[in-house]
Amino acid sequence: MYRPELLYEGKAKKIFRTEDPERVRVEYKDDATAYNGGKKGFITGKGELNNRISAFFFDYLGKRGIRHHFLSLLSSTEQLVKRVTILPVEVVVRNRAAGSMAKRLGLEEGLSFPRPVVEFYYKDDRLGDPLINEDHIALLELATRKQVMDMRETALKVNQQLVGLMAEKGVDLVDFKLEFGVDGRGDLLVADEISPDTCRFWDRVTGKKLDKDRFRRDLGEVEDAYREIWNRLGEDVLV
Ligand code: UDP
């Protein structure tokens, strides 16, 4: 019998080999971590909700010309994606001040920006994922200049699409993080996940946080918040 081989286990997902070397199976877990693993917990139902929400966003973006790794849902907690090599750079887009940026620059949380701000972080747990710029990326050879331009442009396109989509659902997209991967043909694709673990979502009317900040800051009703995002996306069960 074919035994699925675990290729990688991260904080929120497991990646398994499939019979096709070009594809891997991603299993979303209920485990939650924050502050670079300093805070650990468990959010019942998160794996299923993030699997569905992420699939929904990738599909939505793909239909609007954004290239991504998602292929199909396999079950309530699993999805099939293209196998890629993840670049060690996290790309954050911000529409309003929050989290580390509000702290670093002394900005009031919630301040709206006239135009989105794009930031790069070096994906390295040992260093605590430091903020870096294009010159640091070139110096450390984390990505080519062309890939950096492409990541920036794609991240802004993703932002434009998701801001519009979420606004229709009564939600403000405050900021989010993307990861990019390179496939066997050398193409750059949006990879990893797009979910309340990786985005800040605020209710447009009440300002209620509908994302991982509920876990990070012990605000309670964490699962309800993730479910609220899924419900607002208004999708019927996909599998
Ligand atoms: N983010 C993420 N993974 C990380 C760091 C940040 O998904 O390792 C997301 C986070 O959820 C938020 C955005 O990126 O939507 C900006 O996060 P920030 O730099 O403010 O860091 P935080 O306050 O989350 O530590």
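Start at 1 and go down the list; that is how both ligands and their atoms are numbered.
Taking both residues in full, the closest heavy atoms of Asp30 and Glu48 are given as OD1-N, 4.4 Å, listed atom of the first, atom of the second, then distance. Closest of all the heavy-atom pairs between Leu71 and Val81 is CD1-C, 3.6 Å.
Atom 3 (N) of ligand 1 is flagged as protein-proximal [any protein heavy atom, distance under 4.0 Å]. In this structure, atom 10 (C) of ligand 1 has a protein heavy-atom contact shorter than 4.0 Å.
Counting heavy atoms only, Arg200 comes closest to atom 16 (C) of ligand 1 of the residues Arg200, Lys177, Glu179.
Remark: distances from the non-hydrogen atoms of Asp197 to ligand 1 include one below 4.0 Å. Under the 4.0 angstrom criterion for non-hydrogen atoms, Tyr121 is in contact with ligand 1. Using a 4.0 Å heavy-atom cutoff, Arg216 is listed among the residues neighbouring ligand 1.
Within the 4.0 Å heavy-atom criterion, the part of Cys199 lying near ligand 1 is the backbone and not the side chain. Contacts with ligand 1 closer than 4.0 Å are made by side-chain heavy atoms of Glu90 only, the backbone lying farther away. At a 4.0 Å heavy-atom cut-off, ligand 1 touches Arg94 through the side chain alone.
Taking the six-membered ring where the residue is Trp, Phe201 and Phe57 present tilted rings, their angle falling between 30° and 60°. Below 30°, between 30° and 60°, or above 60°: for His69 and Phe58 the angle between ring planes is above 60°, a perpendicular geometry.
With salt bridges taken as basic N to acidic carboxylate O contacts below 4.0 Å, one links Lys208 and Glu221.
Within ligand 1, the atoms closer than 4.0 Å to a non-hydrogen atom of Gly99 are 20 (O), 23 (O), numbered from 1 in the order shown.
Geometrically, Arg64 engages Tyr60 in a cation-pi contact, judged by NZ or CZ lying under 6.0 Å from the ring centre and within 45° of the ring axis.
Using a 3.5 Å distance cut-off with no hydrogens or angles, the side chains of Asn95 and Asn159 do pair a donor with an acceptor.
The backbone N or O of Thr198 lies less than 3.5 Å from no partner atom in the side chain of Lys212, so there is not a single donor-acceptor pair.
Counting only heavy atoms of the protein, atom 12 (C) of ligand 1 lies nearest to Asp175 OD1, 3.1 Å.
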